[in-house]
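Each chain gets a letter, A, B and so on, in the order the sequences are listed, and its residues count up from 1.
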Amino acid sequence: MSGKTPQPIRGTQDIFGADAESFAFVVETFERVRRLYRFRRVEMPVFEKTEVFARSLGETTDVVSKEMYSFDDRGGESLTLRPEFTAGIARAYLTDGWKQYAPLKVATHGPLFRYERPQKGRYRQFHQLDAEVIGAAEPQADVELLTMADQLLKELGIADGVTLQLNTLGDGDSREAWRAALIEYFSAHRAELSEDSQDRLERNPLRILDSKDSRDKAFVADAPRIDDYLSAEAQDFFAAVTGGLDAAGVAWSRNPALVRGLDYYRHTAFEFVTDRLGAQGTVLGGGRYDGLMESLGGPATPAVGWAAGIERLAMLVGDREIAGPDVSLAVEDNALIAKGIAATAALRAAGFSVEVFDSGSPRKRYDKAAKVQARALVSLNTGGFNIRSAPDTPDVDRINQVLSQFGS
RNA sequence: GCGAUCGUAGCUCAGUUGGUUAGAGCGCCGGUUUGUGGUACCGGAGGUCGGGGGUUCGAGACCCCUCGAUCGCCCCA
């Protein structure tokens, strides 16, 4: 009849127990903090036309060609499960006329999909928190966004092991000049670079800067720095961001090797990094993407945003205690099951969380009920209800009152 | 796409240089005891040792293939 049980898809996870509690804690904290900063909640589609991501990411990259979950629908149109939030939100900003709300602060969270090899903190279906400010060209937007991220990490209780690394990529011209200088510099040492970096020289030269290969690191130290190519405006912008962070009390450190692969990034780039998650140390990252809207056919629109991996945050948060119920009820006699059900319903209607034990060996129900660490432990037998609780437990009187209507 | 490590009960793991009928703890189910904040004891269910092939008198163990997991490289929107 039944064959072999289907296995879960590689890179997906069934999150349960303490892990699920940590996950929920991360999301709840994000929702709370996001309100403090007045970011509006948005719900976005899980899939979009492939074009949305292909155009925003730049068609050439591996990212688009190999790492997206794309498929044709029945009409023959190519669709893609969202690999990030930003492109979809940008699309909505344009198609839904959200310009009328600019500057628009939005936040969301949910599943994302990337066809990658799973490893620590990396999954094919994973989950992110996301925050974006669209239509704000001022550095204050960057500051507010980063301050929110900083407060989130603090409220999650993980700020200690995490540092904010900050860099600027300059405006379009600064960035191009720096890029050209890097290519020239690394080309001169081409033969001494790692094979991977020789390849990167063509595909993505900025990425040589964060190579893990020791052969590359020697040259990275003396590579041209963005600071020497920044326009006066770009310098001012970065100074305003760092000054704002200082004013807000957000600790940061400069990382001149922090780069973004995609061309639409300008000015601020940042990552909150930890060394406690193995090779996947970035816990929250983002930057300013002033060039993105145009790649989707919209008007030039400044924007800045970040995303954070919920799984990684949950790992840092650690195991959360699963709180016991308000009441744990052991029905120690099968003749009293209906009475137990009635009492349980009444307690829940009164706002108490209740767990009932009315199956299995009647003699063992009490022990099971005791095990869940309820604030009040109630047994029901022919002698009626019998409450046990710690001396100062609040609400015991109310619980008693609810139970009293069922006799004793 | 590449590499390393690892797959034994629901979970965590023992299992000797290859040797009789594959074990423990926890959990689950039942019973006895206790009789009220987690007791103790007894019993039970649950395994084609990831799968396939090979070496051997004999494989959970050794070899090959395969599947899966973990971690790392590449990539990282």
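Nucleotides U20(B) and G15(B) have their P atoms positioned 15 Å apart, rounded to a whole Å. Annotation: C57(B) and A40(B) have their C1' atoms spaced 49 Å apart (nearest Å). As rounded to the nearest Å, G27(B) and U21(B) have P atoms that lie 32 Å from one another. Across C63(B) and C71(B), the matching P atoms stand 25 Å from one another, rounded to whole Å. Of the P atoms belonging to U66(B) and G1(B), the separation is 13 Å, rounded to the nearest Å. Between C13(B) and G52(B), the distance separating the two P atoms is 25 Å to the nearest Å. Straight-line distance between the P atoms of U12(B) and U70(B): roughly 13 Å, to the nearest whole Å.
Taking only side-chain nitrogens and oxygens, K364(A) never comes nearer than 4.0 Å to OP1 or OP2 of U33(B). Distances shorter than 4.0 Å separate none of the side-chain N or O atoms of S361(A) from OP1 or OP2 on C29(B).
In this model, no donor atom of one side chain and acceptor atom of the other lie less than 3.5 Å apart for D333(A) and T382(A).
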Could you write nucleotides 70-75 of chain B as a row of B, S and -, 5' to 3', where a protein heavy atom under 4.0 Å of any base atom gives B, of only sugar-phosphate atoms gives S, and otherwise -?
-> -SBBBB
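Heavy atoms from other residues, nucleotides or ligands lying under 6.0 Å from OH of Y37(A) number more than 12.
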Mind running side-chain contact (heavy atoms from CB on, under 4.5 Å) on N167(A) and I226(A) for me, showing each step along the way?
-> CA-CA 9 Å; N167(A) 197 19; I226(A) 180 67; 4.0 Å; yes
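If you take CG of L258(A) and C1' of C76(B), they are 13 Å apart, rounded to a whole angstrom.
Of the listed nucleotides (G31(B), G35(B), G68(B)), G68(B) has the atom at the smallest distance from the side chain of R10(A).
Ring geometry, F71(A) versus F47(A): the interplanar angle falls under 30°, so the pair is classed parallel (tilted spans 30 to 60°).
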